[in-house]
Amino acid sequence: MADKNDKDSKLVGLLAQFDDPDSLISACNEARLAGYKAMDAYSPFPVHGIDPAIGIQRSLLPFLVFCVGFGACFAGLGMQYYTNAADWSPIFPGYAFKISGKPLFSFPANIPVTFEIIVLSSAFATFLGMWGLNKLPMFSNPLHRISRFKRATNDKFFLMIETKDENFNRSETESQLNQWGAVAIEECRQDLTDNQLPSWVRLVGLLGVFLLMLPPVMIFRNMGMTSRSPRLHVVPDMDWQHKEKTQVLSPVMENGEYLFTDERAMRKPVDGSIARGQLEVDSEMYRGVKKDYKAAANSAKTNARLVSASIEDKEDAPVEPDQADQAEDVSMWMTQFPEGVTVDQAFVERGQQRFNIYCSACHGYDGNGNGLVNQRAMALGANGQAQWTAAKSMHDATVKDDSKNPLGRIFDTITNGRNTMGPYGAQIPAEDRWAIVAYVKALQETGIQPATASTETDGADEEKQTDADGGSDKEEKTS
Ligand code: HEC
């Protein structure tokens with residue numbers, strides 16, 4: 001010890017060795033009573049009563065964590081209040097969103113975030129506070145240089161009084177320790193050269209820090225620059241594949257010609273291909289046309305219906321409804337419900353529900369053709385503000401007549417529309433369309449009878465609510 005150069009090391013404290021826990025405790029008590037505070041005891045196992053003996057205070061940590069958590073509570077609430085409800089700040093206003101007239105700020109809604117913030121900051125306070133209070137990280141402890149101290153994990157007990165204690169006095173403290181029964185006393189010195197890392201370590205460290213800074217610097221530099229080369233793509237995924245957007249021209253080949261001769265980028269499905277589950281070959285179920293029906297060659301109209309092409313049908317459709325009816329071969333339509341459709345009460349009720357959803361807007365709930373849309377359109381039409389053909393009444397003689405308007409034809413009206421009525425086949429599945437047909441039939445059986453056979457079409461007036469029926473097609477066409 002003595003030959004060690006005093007300039008290179010600093011005295012940190014005096015380490016006293018004891019042979020048994022009792023003498024350690026009594027020495028600790030004496031030291032405490034003598035007014036020492038900066039001291040610590042080391043033992044191979046926990047010694048009962050050592051904490052009060054060396055005067056260990058309760059840790060400050062819980063209080064610290066509580067303060068941080070408490071502060072976080074207000075910070076969390078405040079942050080949410082500011083972002084959600086503070087619209088008064090002229091410089092950084094929050095977003096005061098009014099949603100369904102709800103208050104901008106309410107406690108229950110903001111508790112989860114507040115709770116999370118409290119938990120997060122408390123966890124950080126605990127972790128960092130523990131490190132701070134223990135003065136961590138500490139890479140070396142001068143005690144470990146004393147060979148005798150190794151027995152602190154084996155069979156000896158130690159008390160160290162540190163020089164930083166205001167009562168510490170090199171010779172006086174030593175004699176006191178002797179008095180209190182120390183078996184041996186040793187100086188604990190901190191080697192001041194200890195802290196100095198080998199120079200190459202520092203060099204490598206510096207170099208490492210410098211290299212680490214390069215990527216961010218490069219990124220920042222590139223952020224403010226334009227470049228002709230494409231971005232660095234670490235994971236290319238499918239970013240560079242060839243693709244054509246919808247509804248654009250076909251890609252052009254190197255020889256200047258379009259890749260697809262029809263000049264479109266979009267391809268049609270292969271002829272005759274049908275999407276899975278959409279092979280609707282059953283003409284009875286899906287078109288309302290009898291299976292064994294063979295179209296007369298001269299009826300273009302009927303053929304068009306058989307192909308179920310509503311657009312062509314519209315184009316071909318004669319303007320005059322009378323002619324349309326003439327051109328149509330009524331015998332093609334199903335007069336009964338197709339196989340697989342069971343008409344029972346549930347089915348008709350389903351039909352009612354669907355009718356009320358899809359049809360009542362125009363045709364009215366009782367099918368008299370005077371739904372709200374119809375009323376409004378008629379009112380507008382009366383001022384010349386709209387062109388509208390009155391929705392037909394389900395009780396109209398022609399609509400009701402099974403020989404002129406068999407089940408299959410009603411089904412077809414729903415599927416493909418008729419004259420000015422639009423098609424609903426895309427919205428309503430075939431099964432439901434049949435259910436609606438059943439309900440229409442039920443409506444016709446039990447439904448209202450028109451009071452008068454008025455030919456007036458102005459349905460906007462209340463007293464005319466039941467008037468939509470009774471006119472021939474031509475009369476209703478007036479718009
Ligand atoms: C947007 C309004 C509107 C909706 C919705 C509507 N229709 Fe029509 N419907 C009409 C109009 C208008 C006519 C008269 C068409 C014509 O003769 O030009 C009509 C005519 C009809 C006819 C008579 C066709 C014929 O043989 O002349 C039937 C049957 C019919 N609709 C059933 C229905 C059913 C069932 C629904 C529900 C799936 C429905 N409509 C939904 C407006 C509508």
Side-chain angles (χ1 to χ4, degrees), residues 288 301-302 305 310 313-314 317-330 332-335 337 347-348 350-381 386-445 447 450 455 457-460 467-479:
K301 165 97 179 166
T302 308
R305 275 292 188 210
S310 55
D313 175 48
K314 283 277 150 53
V319 188
E320 287 298 312
D322 283 357
Q323 283 175 21
D325 285 341
Q326 272 169 23
E328 203 179 290
D329 182 0
V330 180
M332 70 194 271
W333 302 115
M334 299 276 292
T335 48
F337 285 92
F347 189 68
V348 180
R350 169 81 181 166
Q352 175 179 37
Q353 190 206 35
R354 298 291 106 177
F355 182 92
N356 290 348
I357 292 172
Y358 290 105
C359 321
S360 66
C362 294
H363 289 285
Y365 285 102
D366 50 7
N368 67 3
N370 206 12
L372 282 175
V373 169
N374 194 63
Q375 291 176 26
R376 175 73 180 145
M378 291 307 242
L380 290 177
Q387 288 250 315
W388 177 254
T389 307
K392 273 236 179 97
S393 166
M394 296 298 129
H395 312 285
D396 187 300
T398 46
V399 178
K400 218 171 153 179
D401 188 344
D402 272 337
S403 61
K404 289 188 187 147
N405 198 21
L407 299 183
R409 192 172 178 278
I410 304 181
F411 180 85
D412 180 71
T413 302
I414 304 173
T415 311
N416 297 314
R418 189 160 312 276
N419 301 336
T420 50
M421 177 182 146
Y424 286 84
Q427 285 102 310
I428 314 175
E431 178 101 340
D432 282 347
R433 274 176 265 152
W434 281 114
I436 294 177
V437 172
Y439 180 64
V440 167
K441 279 287 148 197
L443 263 185
Q444 290 171 345
E445 287 293 322
T455 55
T457 48
D458 183 5
D467 274 1
D469 184 31
S472 75
D473 279 358
K474 261 189 202 156
E475 283 159 338
E476 291 207 354
K477 276 280 173 216
T478 38
S479 52

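Note that the structure is predicted; figures quoted are calculated from it, not measured. Numbers here are sequence positions counted from 1. Counting convention: from 1, in listed order, for ligands and their atoms alike.
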Within a distance under 4.0 Å of any heavy atom of [X], pick out the atoms of ligand 1 and give their elements.
X: Arg418; value: 15 (C), 24 (C), 25 (C), 26 (O), 27 (O)
X: Ile436; value: 35 (C)
X: Ile414; value: 35 (C), 38 (C)
X: Tyr424; value: 1 (C), 4 (C), 5 (C), 41 (C)
X: Thr389; value: 12 (C), 18 (O)
X: Cys359; value: 34 (C), 35 (C), 36 (C), 37 (C), 38 (C), 39 (C), 41 (C)
X: Tyr358; value: 5 (C), 37 (C), 41 (C)
X: Cys362; value: 1 (C), 2 (C), 3 (C), 4 (C), 5 (C), 42 (C), 43 (C)

State, with a plain yes or no, whether a side-chain heavy atom of [X] is found less than 4.5 Å away from one of [Y].
X: Asn405; Y: Lys400; answer: no
X: Ile410; Y: Lys441; answer: yes
X: Val330; Y: Pro406; answer: yes

Under 4.0 Å, heavy-atom basis, I'd like to know which part of His363 is in contact with ligand 1: side chain, backbone, both or neither. side chain

Is it the side chain, the backbone, both or neither of Ala390 that has a heavy atom closer than 4.0 Å to ligand 1? backbone

Have a look at Phe355 and tell me which of Tyr424, Tyr365, Tyr439 forms a ring-ring contact (aromatic ring centres under 6.0 Å, His included) with it. Tyr439

Return the CZ to CZ distance between Phe347 and Phe337, rounded to the nearest 0.5 Å. 6.0 Å

Can you tell me how far apart OG (Ser393) and CG (Leu443) are? Round to the nearest 0.5 Å. 9.5 Å

Looking only at side-chain N and O atoms, does Asn416 offer a donor or acceptor that is under 3.5 Å from a partner on Asp412? yes

Any donor-acceptor pair under 3.5 Å linking the side-chain atoms of Asn374 with those of Trp388? yes

Ignoring hydrogens, just give me the one of Lys392, Arg409, Lys404, Met394 whose non-hydrogen atom is nearest atom 28 (C) of ligand 1. Met394

Under 2.8 Å from atom 8 (Fe) of ligand 1 - does any N, O or S atom of Met421 fall there? yes

